[in-house]
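Take a look at the structure below.
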Amino acid sequence: MKKVIVVGGGISGLFSAYYLVHEGYGVTVLDQTDMTSGASFINAGYITPSHFIPLATPGIITQGLKWMLNSSSPLYIKPRWDMEFFKWALLFKKSATTSMVKKAMPVLKELNLKSRDLYEELLASHDFDFHYERKGVLMAYCSDKAEHEEREVAEQAIREGLEASILSKEKLQEIQPVFSNKVKGAVHYQCDAHMTPNHFMQQLKNWLLSQGVEFKFNQKVEGFTVKEEKIVSLKTKDTVFKADEFVLASGSWTSKLVSSIGLDIPIQGGKGYSMDVNRPTGITLPTILVDARMAVTPMNGFTRFAGTMEFSGNNDTIQKERVEALAKAVKTHYRDVEIQADELNKATSGLRPVSPDGLPYIGKTSKYHNLTIAAGHAMMGWSLGPVTGKLVAQEIAKAKTMVNLASLSPDRFK
């Protein structure tokens with residue numbers, strides 16, 4: 001039996017392990033933590049075919065410059081001298097063009113739709129019993145500017161064949177009466193679904209353990225041994241791990257890991273914050289509060305409030321003003337819903353691995369024929385987990401991939 005090492009115990013790593021097991025490989029998952037926290041556990045839990053427009057769009061540069069130095073804004077860049085970030089930002093700017101966005105859109109749509117189908121196949125298999133609802137996602141807006149932009153995207157989505165409808169303020173109040181009068185309306189993407197991430201992650205981990213997958217916790221990769229065009233082994237502080245194939249599903253740490261073996265895969269960690277409210281809120285529909293860039297999800301037994309994008313390096317520091325900005329947005333958008341002080345104090349953070357062009361890196365590297373990358377999913381990591389794992393397994397098994405991987409190549413910024 002051929003052995004595969006998967007570095008990273010997030011959603012992409014676990015799904016890579018899942019599909020590799022089905023291909024008959026022996027799998028070991030390494031993670032630098034105890035696998036109880038991080039973006040895969042605290043995210044909004046959305047499966048989002050509606051998110052077919054990448055983060056790198058022409059308008060985001062102007063908006064980002066306006067928000068850049070405001071530490072409570074939806075997008076915050078901490079001033080710091082970081083050459084890797086400067087290089088990434090330049091590539092991001094080059095990617096934020098109309099032509100690049102048009103190229104990325106069909107790729108993201110295909111990935112999201114196929115990944116949603118794989119989630120539903122998983123649920124139908126009866127190997128799992130997880131929370132999954134296809135109620136869609138609301139894009140709710142308060143400002144005229146946000147309304148105009150969201151209506152344009154909705155019209156484009158409908159032309160792309162996605163299920164979406166524009167809701168007036170009155171219709172929105174009918175289906176979600178907890179909204180305040182400040183919310184002018186919403187776009188309802190019926191094509192989307194949602195889950196409870198931390199519950200599913202535990203189920204997937206338990207299934208993998210039952211199939212003989214080994215987990216090695218608190219194992220931070222410190223280097224690789226290479227021979228010609230092959231990774232021979234990797235080492236942590238106290239162990240050397242050998243395998244036939246290696247998968248890096250290592251999120252925001254991928255760039256640093258691969259730089260030691262001569263690869264350039266630009267990724268920056270975009271920090272998001274998350275708070276759970278374990279009491280009734282009256283919120284029944286997953287919603288993105290467009291003006292605040294915030295996601296609200298009714299999960300299995302609680303409501304999750306998550307959002308912001310912060311580029312401040314790979315750390316888990318909680319900035320109080322950013323959490324308070326999320327709480328303020330909740331109070332603005334909903335009537336009689338308020339995040340309390342003890343809930344604010346329990347806020348957590350996670351790093352989304354953001355590529356410059358908004359597309360993930362999935363596939364083999366040209367320099368090392370037994371190294372596969374699965375990283376850079378930005379805010380769609382949860383949504384694209386299954387399709388990422390499936391593609392990784394198909395690549396390693398040398399099978400025909402269900403998606404053309406050319407535009408997802410880890411070598412595309414060489």
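These numbers come from the heavy atoms of this one structure, side chains and all, not from hydrogens, waters or symmetry mates. The residues of the chain are indexed from 1 along the displayed sequence. Just so it is clear, the structure is predicted and the values come from calculations on it, not from any experiment.
Side chains of Asn315 and Ser312 form a contact here, defined as non-hydrogen atoms less than 4.5 Å apart. With a 4.5 Å cut-off on side-chain heavy atoms, Ile288 and His51 count as touching. Side chains of Thr365 and Leu263 form a contact here, defined as non-hydrogen atoms less than 4.5 Å apart. Between His194 and Ile47 there is no side-chain heavy-atom pair separated by less than 4.5 Å. Proximity of Asp291 to Tyr141: side-chain heavy atoms (C-beta onward) are separated by under 4.5 Å at one or more points. With a 4.5 Å cut-off on side-chain heavy atoms, Glu110 and Asn404 do not count as touching. Contact annotation: the side chain of Pro286 approaches that of Pro298 to within less than 4.5 Å [non-hydrogen atoms, C-beta and beyond]. Side-chain contact between Asp192 and Pro49 is present, with at least one heavy-atom pair separated by less than 4.5 Å.
One N or O on the side chain of Ser255 and one on the backbone of Ile267 form a donor-acceptor pair closer than 3.5 Å. Judged by distance alone, with hydrogens and angles left aside, the side-chain atoms of Lys271 form a donor-acceptor pair with the main-chain N or O of Thr317 at under 3.5 Å. Looking only at distances, no side-chain donor or acceptor of Thr239 sits under 3.5 Å from a matching main-chain atom of Thr236. Judged by distance alone, the side chain of Thr281 and the main-chain N or O of Ile283 form a donor-acceptor pair under 3.5 Å. Remark: the backbone N or O of Ser252 is not paired with any side-chain donor or acceptor of Arg352 at under 3.5 angstrom. Distance alone, capped at 3.5 Å, places no donor-acceptor pair between the Ser260 side chain and the Gly223 backbone. Checking side-chain atoms of Thr33 against main-chain N and O of Met35 turns up a donor-acceptor pair under 3.5 Å. Counting only distance, with no hydrogens or angles, the side chain of Gln268 and the backbone of Pro353 share no donor-acceptor pair below 3.5 Å. A donor-acceptor contact shorter than 3.5 Å is absent between the side chain of Trp382 and the backbone of Ala39. In this structure, the side chain of Tyr46 engages the main chain of Thr287 through a donor-acceptor pair within 3.5 Å.
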* **Pair Val187-Leu167, side-chain contact (heavy atoms from CB on, under 4.5 Å): steps then yes or no** => CA-CA 6 Å; Val187 175; Leu167 305 181; over 6 Å; no
* **Derivation of the side-chain contact (heavy atoms from CB on, under 4.5 Å) call for Gln219 and Gln32** => CA-CA 5 Å; Gln219 295 289 330; Gln32 64 181 349; over 6 Å; no
* Asked: Can you list the steps and then say if Tyr119 with Phe15 is a ring pair (Phe, Tyr, Trp, His ring centres under 6.0 Å)?
  -> CA-CA 11 Å; Tyr119 268 122; Phe15 265 119; 5.7 Å; yes
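Atom CG of Leu289 sits about 8.5 Å away from atom CZ of Phe305, to the nearest 0.5 Å. Distance check, rounded to the nearest 0.5 Å: CG of Leu108 to CD1 of Ile53 gives 9.5 Å. The NZ atom of Lys235 lies 13.5 Å from the NZ atom of Lys220; values are rounded to the nearest 0.5 Å. Within the model, atoms CG of Asn112 and SG of Cys191 stand 9.0 Å from one another, a figure rounded to the nearest 0.5 Å. In this structure, the separation between CG on Leu408 and CG on Leu359 is 6.0 Å, given to the nearest 0.5 Å. Put simply, OG1 on Thr225 and CD1 on Ile231 are 9.0 Å apart, with the number rounded to the nearest 0.5 Å.
Not counting sequence neighbours, the partners of Thr28 by the side chain to side chain contact (heavy atoms under 4.5 Å, CB included) test are Ile5, Leu30, Glu214, Lys216. Considering only residues two or more places apart in sequence or on other chains, Tyr334 meets the ring-ring contact (aromatic ring centres under 6.0 Å, His included) condition with Phe179. Shown here are the side-chain hydrogen bond (donor to acceptor under 3.5 Å, both in side chains) partners of Thr196, two or more places apart in sequence or in another chain: His131. By the ring-ring contact (aromatic ring centres under 6.0 Å, His included) test, Phe130 pairs with Phe200, sequence neighbours left out. Under the rule for a ring-ring contact (aromatic ring centres under 6.0 Å, His included), Trp253 has no partner lying at least two apart in sequence or in another chain.
Within a 6.0 Å sphere centred on CD of Glu229, heavy atoms belonging to other residues, nucleotides or ligands number 12 at most. Under a cut-off of 6.0 angstrom, the local environment of CG in Asn278 is crowded, with over 12 non-hydrogen atoms contributed by other residues, nucleotides or ligands. Within 6.0 Å of NZ in Lys205 there are more than 12 heavy atoms belonging to other residues, nucleotides or ligands. More than 12 non-hydrogen atoms from other residues, nucleotides or ligands lie less than 6.0 angstrom from CG of Asp34.
Among residue pairs with one or both ends in residues 393-412, none qualify as ring pair (Phe, Tyr, Trp, His ring centres under 6.0 Å); sequence neighbours excluded.
Scanning all heavy atoms of the two residues, the minimum distance from Pro356 to Tyr361 falls at CD-OH, 3.4 Å. Smallest separation of non-hydrogen atoms from Pro54 and Ala104: CG-CB, 3.8 Å. Across all their heavy atoms, Val232 and Phe246 have their closest contact at O-CZ, 3.8 Å. Contact record, Met309 with Gly270: SD-CA, 3.4 Å, taken as the closest heavy-atom pair. The two residues Phe224 and Leu234 come nearest to each other via the heavy atoms CD2-CB, 3.8 Å. Summarising the geometry of Ala329 relative to Met294, their closest heavy-atom pair is CB-SD, 4.0 Å, with the distance given to 0.1 Å.
Salt bridge status for Glu338 with Lys331: present, with a side-chain N to carboxylate O gap under 4.0 Å. A salt bridge is defined here as a Lys NZ or Arg NE, NH1 or NH2 lying under 4.0 Å from an Asp or Glu carboxylate O, and Arg412 with Asp357 meets this definition. In summary, Asp276 and Arg304 engage in a salt bridge, as defined by a charged side-chain N under 4.0 Å from a carboxylate O. Ion pair Lys3/Glu245 not flagged as a salt bridge, since none of the NZ, NE, NH1 or NH2 atoms sits closer than 4.0 Å to an Asp/Glu carboxylate oxygen. The existence of a salt bridge linking Lys109 and Glu160 is confirmed by a sub-4.0 Å separation between a basic side-chain nitrogen and an acidic carboxylate oxygen. Using a 4.0 Å cut-off between charged nitrogen and carboxylate oxygen, Arg279 and Glu343 count as a salt-bridge pair. Taking the charged nitrogens against the carboxylate oxygens, Lys135 and Glu133 do have a contact shorter than 4.0 Å, which makes a salt bridge.
Checking Ser349 against Asp316 by side-chain atom types alone, no donor-acceptor pair falls below 3.5 Å. A donor-acceptor contact closer than 3.5 angstrom links the side chains of His377 and Thr388. Side-chain atoms of Thr401 and Glu395 include no donor-acceptor pair closer than 3.5 Å. A donor-acceptor contact closer than 3.5 angstrom links the side chains of Gln319 and Glu310. For the 3.5 Å distance criterion, the side chains of Gln176 and Thr284 qualify, holding a donor opposite an acceptor. Lys364 and Asn370 share no donor-acceptor pair across their side chains, judged by distance under 3.5 Å alone. Side chains of Asn206 and Gln202: a donor on one and an acceptor on the other come within 3.5 Å.
A ring-centre distance under 6.0 Å is not found for His126 and Trp207.
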